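Residues take their numbers from the sequence shown, with the count starting at 1. Keep in mind it's a predicted model, so treat the numbers as computed, not measured.
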Amino acid sequence: MVYDGVVVVEVIDNSPASKAGLKEKDVIVKVDNKDVKNISEFRYYLYKHNVGDEVNITVYRNGKTESIKVKIEASN
């Protein structure tokens with residue numbers, strides 16, 4: 001099966017993505033149950049949230065999907 005989405009190329013140590021368990025080569029396919037087809041849609045859904053919010057991200061990894069909660073943090 002082929003998924004639309006955003007491929008995670010790098011996960012920076014101690015970042016919100018790292019803390020939540022995102023891994024390189026994950027494909028982000030949903031944010032809060034909304035399909036993500038490209039980086040623009042991914043950013044659009046993230047920017048609707050505030051610092052401190054928790055976002056539910058669905059990723060495709062190793063042949064299956066899984067749900068990960070990511071807490072939005074302020075960028076440095």
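- In the hydrophobic cluster analysis, where Ile, Leu, Val, Met, Phe, Trp and Tyr join through side-chain heavy atoms closer than 4.5 angstrom, Ile68 is grouped together with Ile39.
- For Lys34 and Glu41, the salt-bridge test fails: no basic side-chain N is under 4.0 Å from an acidic carboxylate O.
- The hydrophobic clustering, which links ILVMFWY residues whose side-chain heavy atoms are closer than 4.5 Å, places Val6 and Val27 apart.
- Asn50 contributes no side-chain N or O that, together with a main-chain N or O of Asp53, makes up a donor-acceptor pair within less than 3.5 Å.
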Going through the checks in order, is the side-chain contact (heavy atoms from CB on, under 4.5 Å) test met by Tyr60 and Asp26? CA-CA 6 Å; Tyr60 181 72; Asp26 281 348; over 6 Å; no

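- Side-chain contact check for Val59 versus Glu66: some heavy-atom pair is nearer than 4.5 Å.
- The shortest side-chain heavy-atom distance between Thr58 and Ile28 does not fall under the 4.5 Å cut-off.
- Checking side-chain atoms of Asp32 against main-chain N and O of Asn56 turns up a donor-acceptor pair under 3.5 Å.
- Checking Ser18 against Asp13 by side-chain atom types alone, no donor-acceptor pair falls below 3.5 Å.
- No side-chain heavy atom of Tyr44 sits under 4.5 Å from any side-chain heavy atom of Val36.
- Heavy-atom neighbours of Lys19 NZ from other residues, nucleotides or ligands within 6.0 Å: above the threshold of 12.
- In this structure, Asn14 and Ile12 have side chains that are not in contact, with every pair of non-hydrogen atoms separated by 4.5 Å or more.
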Apply the test side-chain contact (heavy atoms from CB on, under 4.5 Å) to residues Asp35 and Val29: give CA-CA distance (whole Å), side-chain angles for both, the deciding distance (0.1 Å), then the verdict. CA-CA 6 Å; Asp35 291 336; Val29 294; over 6 Å; no

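- Looking at heavy atoms from C-beta onward, Pro16 lies out of side-chain contact with Lys71 at the 4.5 angstrom threshold.
- With rounding to the nearest 0.5 angstrom, the NZ atom of Lys25 is 10.5 Å from the CG atom of Asn62.
- For the atom pair OH (Tyr45) and CD1 (Ile57), the distance works out to 13.0 Å, reported to the nearest 0.5 Å.
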